[in-house]
Amino acid sequence: MSLVILSWSVTIAQIALALAMACACLRMFRGPRAQDRVLGLDTLYINSMLLLLTYGIRVGSPIYFEAALIIGLLGFVSSVALAKFLMRGEVIE
Amino acid sequence: MTTPLSAHLVIAPILIPLITSAILVSLDERRRVAKSLVSLAALVLLMAAALELLRIAIGNGGETVTTVYALGNWPAPFGIVLVADRLSVMMVLLTAILGLASLIFSLARWHRAGPYFHTLFQLLLMGLNGAFLTGDLFNLFVFFEVMLAASYGLLLHGSGQVRVKAGLHYIVINLGSALLFLIGVSLIYGITGTLNMADLATRIPELPHEYRIMLEAGAGVLGVAFLIKAGMWPLNFWLPPAYTAAAAPVSAIFAMMSKLGIYIILRLYLMLFGEGAGESAGFGHYVLLYGGLATVAFGAIGVLASQALGRLAGYSVLVSSGTLLAAIGISGQHVTAGALFYLVSSTLTISAFFMLIELVERSQDAGANVLAVTMEAYGDADEEAEDEEVGVLMPGTLAVLGVCFALCGILLAGLPPLPGFLAKFAMLSAMFNPAGLGADTPVSMATWWVTGIVIFSGLAALIAMTRAGIRTFWASIEGVVPRVLVIEMAPVIGLLLLTVALTLKAGTVMAYMEETARNLHAPSGYIQNVLGLQRIDRKEVETP
Amino acid sequence: MSIILPYPLLTAFLVIMWMALNSFSLGHFVLGLIIAWVASASMAALRPDKPHIRKPFTLMWLLATVIFRDIVISNIAVSTIILRPRKHAPRPGFITIPLDMKSPSGLAILAILVTSTPGTSWLEYDSNEGTLLIHALDLEDEEALRDLIKNRYERMLMEVFE
Amino acid sequence: MELVLAIGIGIMTGSGVWLLLRPRTYQVIVGLSLLSYAVNLFIFGVGGLKKNAPPILPDSGVVNPATMTDPVPQALVLTAIVIGFATTALFLVVLLASRGLTGTDHVDGRETFK
Amino acid sequence: MSDNDLLLILLLLPFLASAALAVMPAQARNLAAGVAGVAALTALTITATLYLSVRGGNVLRVTIEWLPTLDLNFALRLDGFAWIFSMLITGIGFLVVVYARYYIAKDDPMPRFFAYLLSFMGAMLGIVLSGNVILLAIFWELTSIVSFLLIGYWHQNAAARDGARMALTVTGIGGLCLLAGLLILGHIAGGYDLDKVLAAGEAIKAHSLYLPALVLILMGALTKSAQFPFHFWLPNAMAAPTPVSAYLHSATMVKAGVFLLARLWPALSGTYEWFWLVGFCGVVTLLLGSYFAIFQQDLKGLLAYSTISHLGLITTLLSLGSPIAAVAAIFHMVNHATFKASLFMAAGIIDHETGTRDMRRLSGLFRYLPITATLAMVASAAMAGVPLLNGFLSKEMFFAEAVETHADSILDRALPYVATISGAFAVAYSLRFIHTVFFGPPPRDLPKAKPHEPPHWMRLPIELLVMACLIVGIVPGLSIGPFLHTAVISVLGHNPPEYSLAVWHGFNTPLLMSIVALISGTVLYMLLKSYLAGGEDGPPIFRHLQGQRIFERILVTVSWKWARWLEANAGTRRLQPQLRWLVGLGFAAACVPLYLGDFQPRQLSFTEPDIVFTLIWVIGCFSALGAAWQAKYHRLAALMMLGGAGLVTCLTFVWLSAPDLALTQLLVEVVTTVLILLGLRWLPKRQERVDDSVRFVARVRRLRDLLLAVACGAGMSILAYAVMTRPAPEAIANYFLERAYSEGGGRNVVNVILVDFRGFDTLGEITVLAIVALTVFALLRRFRPANDSIEAPEQQRIQNAYDDARPDRSQGDTVRDYLLVPSVIMQWLFPVIITFAAFLFIRGHDQPGGGFAAGIAMAIAFLLQYLAGGARWAEDRLRVLPLRWISLGLLIATATGMGAWFFGYPFLTTHSRYIELPFIGKAPLASAMFFDLGVFGLVVGATVLILIALAHQSIRVYRVKPSEPANEEKI
Amino acid sequence: MIATTDLPLWAAILVSLFLLVGAGLTLIGSIGFLRFKTFYERLHAPTLGTSWGTGGIVTASILYFSITGGRFVFHELLIGIFVTVTTPVTLMLLARAALHRDRSEGKENIPGSQALKEPGATLIDDRK
Ligand code: NA
Ligand code: NA
């Protein structure tokens, strides 16, 4: 029973997250401005991080945790660089 | 109980430049003398190692001794092995020779044209030697990349618009070919489950049909990657500009790089698709043959169409590559022997020629001196010390340059008696008499094509070199004698003297090549040596 | 203390992080301590503004209430806004809030709080004038928001950091 | 799953090739990046696709190889990623240098050839 | 000293002397002449003494092994024919040396001249002495090369350069053809040894490859001997110093062709093809040469055409295939050499004394140069075939053969008339030579006013040669007879035909022909005299049909214009076509084997669908397509979509059991994005333009690229699907899985492969990274941005202006406020990321992670501080020494590998064991960890170096160059 | 495919709840991200995912692995911490950048938009 519940909820959660990723991706496409796209990419990163976490639950293995941790800790670096590029036209001054 | 250091000699040609480069990085850029000395010492060591390897490979009775070195003590199909047989050792020696010559040449001025010349130079040698010695397909990729990465750096050495433009094309093309390389290797691994060349050779004949064609697809893609490096038409348009744009000593060592493509095609083609490959035997030999011929033709046309000497030399590389590809495509043992002789002689020639060009053109005008222009326009003030080149000026410069130029012309055109001629003769004679002289076998169509195109290319080189020589040495206004130092002239003379030595000792050299070719065409010895190598038993060693 | 262990809180956090990532064993404690010490030392090289946390419990209380109350509430609020049909569109808008706090660390925490709460976002802080520009998704009750940030968050943070 | 991945690889390859053939250096660098994703995935794929079978041994160290995915392609991809990263960086700098020296971002260093 | 040694010395001596001469200083005129003279004289003496060993048909052979496997040995072979040629070469060579000593002017480098001349002598001797046909070809080409240098001796002179080049080109082409022909000959004969080839004559003539071989060999012989249609180079070679003409262009080199025909006569002659090919060329040359000679205004030009004609005569004789004709040919070779060499030398003296060779300006020189004139007259008479001179004898033999019937054909029947006509022409031009130059009124406008007899030593060679003409002409049997006999039997074998060397054979047809020729020649000259005196250079009708000009034009057209066109059209200097080839051929290379092998793709399987995975890939595909779509005008958008595609790649790695790959790819992704962003600042702004998308050509090009892209994509898909769905082969992977823990000491098999099983790959891989970092650094030190991106970015200008405009703000406030809060957080993260990097490093051997991932993470930690505070701020605080890191990393990794040596294992053999540590207990310690440490260090150093080097461009100050037209190309 | 033999029902329900809440919030946030009209509104949407979206899933993960592993593991919490700390950085920088761009383009209804347009601050060339 718990297996059924969990596997359904994990599947639903994953689909929800994948759809969330799709939304973020769509925003990245539509823009209209660069800042929207950056935000889209950032959201895409966060959503995929969550997807990785659920994947870990799904397969019952903690091995995929580091990948999620990397997104959580370092995924923002590229967004920061992009934002700074928009603001200053230059990443490192 | 420790094995003597000489047991690890096979890896020396890779480690010597690697360690040297690490030391060079840590030395301050301004300590040029120290860097030069370290670099020079490394090359002397390298040369010694290569000679010793050659001595070992020749063996006592004339039979090849194939030395296999299992890295990390993992046996052959699993770990990476280095294999020193006649062919690879010969290539390593050739690399050392060209390396030494180019390095000495660069010491006059070029090594100061930008940072890290010596480091990159050593790493290029490392890449070349690694690629020659490795027995593993993916490790080959890695060493290709080492070599290419260093070559990018060296090509751009000295900077300037021409180099950067040529470098851009060169890099993009090679990145593309690296991708093809990866696709090919992975496909081959996916089909056969191995990366070891010798192991591959044993697995290919047993593949079922469906797998075989996929393997061939992989080999085809891999082949395109190699052919890009070897410079086969129409994958070679990047080569003349790149080789022309590079600084002279860099072009001189680049001459070896295109031969790496040839080397690997020669090795893999004969090992994987030789007579023992079952259904796949002779896979793609038409491509090599006719592609090679097209390359020679294109190269010869380019030689004719070149106004600048540098381009002429660049196209000569293509002629040389094409000739070799066509010879491999013919795939006869004696033809291969001739081709190997040709490989050595043409590489020495082109290398010497690239260096010579720089000396010759130095007299023409200041514009030819890319270095000076770049320095003036973009040079950082801290970059260049004020010291003009110090060293002994070459006496009788023009005469010496003239003689060297003539020798290069003779070698490139394949005129007698130098090895350019002997090698072509050896190849053609073997093509006309595949079963040896006296057996009146019919002459194949391919032989006629090769003969015709080889003669045409010789002629083109003759016409172009005469034209260029006359323009440079006879028609130029008197009085402008280039400043040439002895250390710039010495490597050119040295390389050319080597070709003379090849002429004089042609019999011995050809005997070596014949045996090498025999091994290549019957690779079972190589395969047995590689796959039969045992690990050093750990316990045995650990208990004193 | 400050030379040997310049950032005790940070070091403690790093040690816990290390053990959480690896395991809670003596070995990893020692190893974690070494690594955390090296990392803190390198932090010192950056010469950051060194916060002085006067009331750690106030800080923890603030964080806890924000995370478990404010953010939850605004999560629900924003979700409703999103899921509502278009005609019930919210009234978004900008508000400028004058700030008295100068401590960068305090500002940083404030920024985290404001940003982490759905419905408010931190746009611009002007250090010359000491003003903060915020965008709110729903300006139905502008005063409440101003009050929350100014009188609750800022005040508590100033207690902690200044 | 194989089908999805194969189509994905195909589309990445196609996009990469298209960009590779474009005249702007920036397009080329994006194209090369896409191509290296595709190729990395391809290398990875030749080992066969297996879910939740990472080549990480249990504490005992004993393992039935059939339950694990082939680690060799993974090792190859890792090497390829690193080399790809390096060459991308290099290409980027060269394209910048070319842009600086020629004034244009055309791959041939001039706007229209001849 | 044996004869064998002598033979060897004979060949080597000229070369040795040449080498000695080459290094002499230019002023050493007498020394040079002395050395050259002694060498030539010695060679002559040696040759003379060797007569004893070839007398009576003996053959002297010396063979030194050279390339035995290819049957190319240094084989020398001296027989009568070779001997008589050697005599000519050394004898006339010696005389030319003597002559040249006085001919070469003070300003010209004499040693160089003699060096060339003696190498030529050696090469020529090589041709005649070769006992191996390939060796012969070698010396053959050598003569071409040396003759190039000799003709171009006065290279300041354009005519000399052109003449030299043409001679080399023509004879070089011939030589290459000859080589091909000899290859075929060797193929048929089963070896390249001359004796073997000659012995295989019948087999050769019967072989199907006879004709190609013949044509190719004739190409060689006819070009060398300046036979029609390759005759034109010889007159142009007259720009050479006269001694060269006397030696090469009369006596020796041009004889090489006919020598070869005679040498191979037993093997090749006597067939229909031989008769027609050789005969036709010979006859036409004979006629044309003599006709052209009449109308030359240049003394040497006249002699050159005369030489062509005489060589045509010899060729014609050889074509006939009759032994007597062959005898006549050999005889005429010798005769022609003697009289023509002396005539050239006489012409040289005239040129030397008067400063011109133009016959329109020369006149009445007899009064100034009586002795020279007399000698020239005798030699001319020999050339004209006047009785009692050697020329007469061989010409009579020719006439005799001409009237014989050989192969009944038009050519054969026309031969007597052709012979007579050409004889008449010969008389005419000989007469002209003498009459114009030596008789008539005194010359008026000579460049040198007072001509007088040259030094006696300069005249001596002519005297000797003319004496030889007379002696042979008067007492042929006593003088040349035995030697000729020796030569003849060496070519024709021991049963030579009956021939007589008597001066008087009675009144017969040949004599009649001679008389007719003499009379009509004289009459012809009388008729043409006034025309010639003022006429243009060159014969009427054919004046404009100059072979030389045609050749030049063809050469320029083919070797320059066509070549350039072909080079431009068969190649390209643009990148895109090259990439199209690369992609297209890569595609073809994969598809052709599949197509040929009738590849059947597997049934598509839709089992086990994974909705989430599919959704992820929908995103991935759209991202990839979007990146392709946007990369031109919206770079930033494309960069982000690229990031999306990369993210999907990472997710795929996770999904399919490759956590290590996911980690690494994610980290690399971050760094790459920042890197490209750092670069974007220097790219030109691009606005969306519509115009170029509507151009038809552009559209077609895009359609083609699109098709190629679609094809490649489809191909990759199919290939990927095929390889992913096939059953796995027996792979080496199992070995790794089984031993990773027990022997590699790690549980993360991928990591164990990277640092142990295939650690060598990793060593190479980090080397690549190091190289790239160094290259980037080196290149960026010379970086110079384009003019339009030197300025600070627009945003900064706006913000600075805003700060400046407000009294309460100062420049930089905006950015300070901008980063004030974020930078605090970014600084907090610095130690966290460092700890995280340590985590990745430590666990790498057992769990996902490793030195590379750790290194990149560490580099990101540094990068973040650069982002937060700017380069100056960060460098004020952090002293990262990337080069140190790189160097140390490389050294540690290598040293770890070499450490195994001390335990007797190969490079990179790892050791792992558990060690007891205080507090910690048992801890695994693998030497692979040190290797990984090296990797870590290097990756940190290289990544940081690349990033910093790029970031520093923004804070560097660039000199703005006022104008740079090259950059203003934009339209 | 889930190896959850030793997971009690209550735990399964709890884990599922957190999972669904987290994923649901994230999805809602992303939908909002797609639906909102202006950038400044869109700025709010993803924070649903980074706050309790992440919180829910992290909690689910902690619960799941703690219960199945038989001991309390909380390293997932680190993810929550890191996301909470890093997201503001991105959003702040991005929002300010957007503000700058809008101001320099003179967009209406943007605070401070007029300031940039004052004399002496004319500089916008509207390429890009
Ligand atoms: Na060059
Ligand atoms: Na000549």
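The sequence lines fix the lettering, A, B, ..., with proteins before strands; numbering per chain opens at 1.
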message: Does any backbone or side-chain atom of A/A34 lie under 4.5 Å from a heavy atom of chain F? Answer side chain, backbone, both or neither.
response: both
task: Return the option, out of F/I79, F/V83, F/V85, with the maximum number of heavy-atom pairs under 4.5 Å with chain A.
output: F/I79
statement: So, the part of F/A95 with a heavy atom under 4.5 Å from chain A: the answer is neither
statement: Comparing F/I57, F/L91, F/L93, F/T90 against chain A, the one with the most heavy-atom pairs below 4.5 Å turns out to be F/T90
field: F/F36, part contacting chain A, at a heavy-atom distance under 4.5 Å
entry: backbone
- prompt: Any side-chain heavy-atom pair from A/T43 and F/T50 closer than 4.5 angstrom?
  reply: no
- request: Quick one: which of F/T54, F/L17, F/V89 has the most heavy-atom pairs under 4.5 Å with chain A, could you say?
  value: F/T54
query: Is it the backbone or the side chain of F/F33 that comes under 4.5 Å from a heavy atom of chain A, or both, or neither?
result: both
- prompt: Using non-hydrogen atoms only, which part of A/R30 is less than 4.5 Å away from chain F: side chain, backbone, both, or neither?
  reply: side chain
task: State, without any angle test, whether F/T38 and F/E41 hold a side-chain donor-acceptor pair at a distance under 3.5 Å.
output: yes
query: How about F/W10 and F/I67: do any of their side-chain heavy atoms sit closer than 4.5 Å?
result: yes
statement: Comparing A/L39, A/N47, A/D42, A/L86 against chain F, the one with the most heavy-atom pairs below 4.5 Å turns out to be A/L39
message: Using side-chain heavy atoms (C-beta onward) and a distance below 4.5 Å, is A/F85 in contact with A/E90?
response: no
- prompt: What part of F/L43 gets closer than 4.5 Å to chain A, counting heavy atoms only: side chain, backbone, both or neither?
  reply: both
- request: Please determine, among F/G56, F/A97, F/A12, F/S30, the option with the most heavy-atom pairs under 4.5 Å with chain A.
  value: F/S30
query: Strictly by modelled atom types, are F/N109 and F/Y40 linked by a side-chain donor-acceptor pair under 3.5 Å?
result: no
task: Considering only heavy atoms and a distance below 4.5 Å, find which of A/V80, A/L51, A/D36 pairs most often with chain F.
output: A/D36
query: Top residue by heavy-atom pair count (under 4.5 Å) with chain F, among A/I15, A/I46, A/I71?
result: A/I46
- request: Please check if any side-chain donor atom of A/S9 sits under 3.5 Å from a side-chain acceptor atom of F/S16, or the reverse.
  value: yes
field: Check: F/T84 main-chain N/O paired with F/T87 side-chain donor or acceptor under 3.5 Å
entry: no
Any side-chain heavy-atom pair of F/I62 and F/V73 under 4.5 Å: no
message: I'd like to verify something: which residue of F/V15, F/L19, F/I81 has the highest number of heavy-atom pairs under 4.5 Å with chain A?
response: F/L19
- prompt: Is there a side-chain contact between A/R27 and A/P32, using heavy atoms and a 4.5 Å cut-off?
  reply: yes
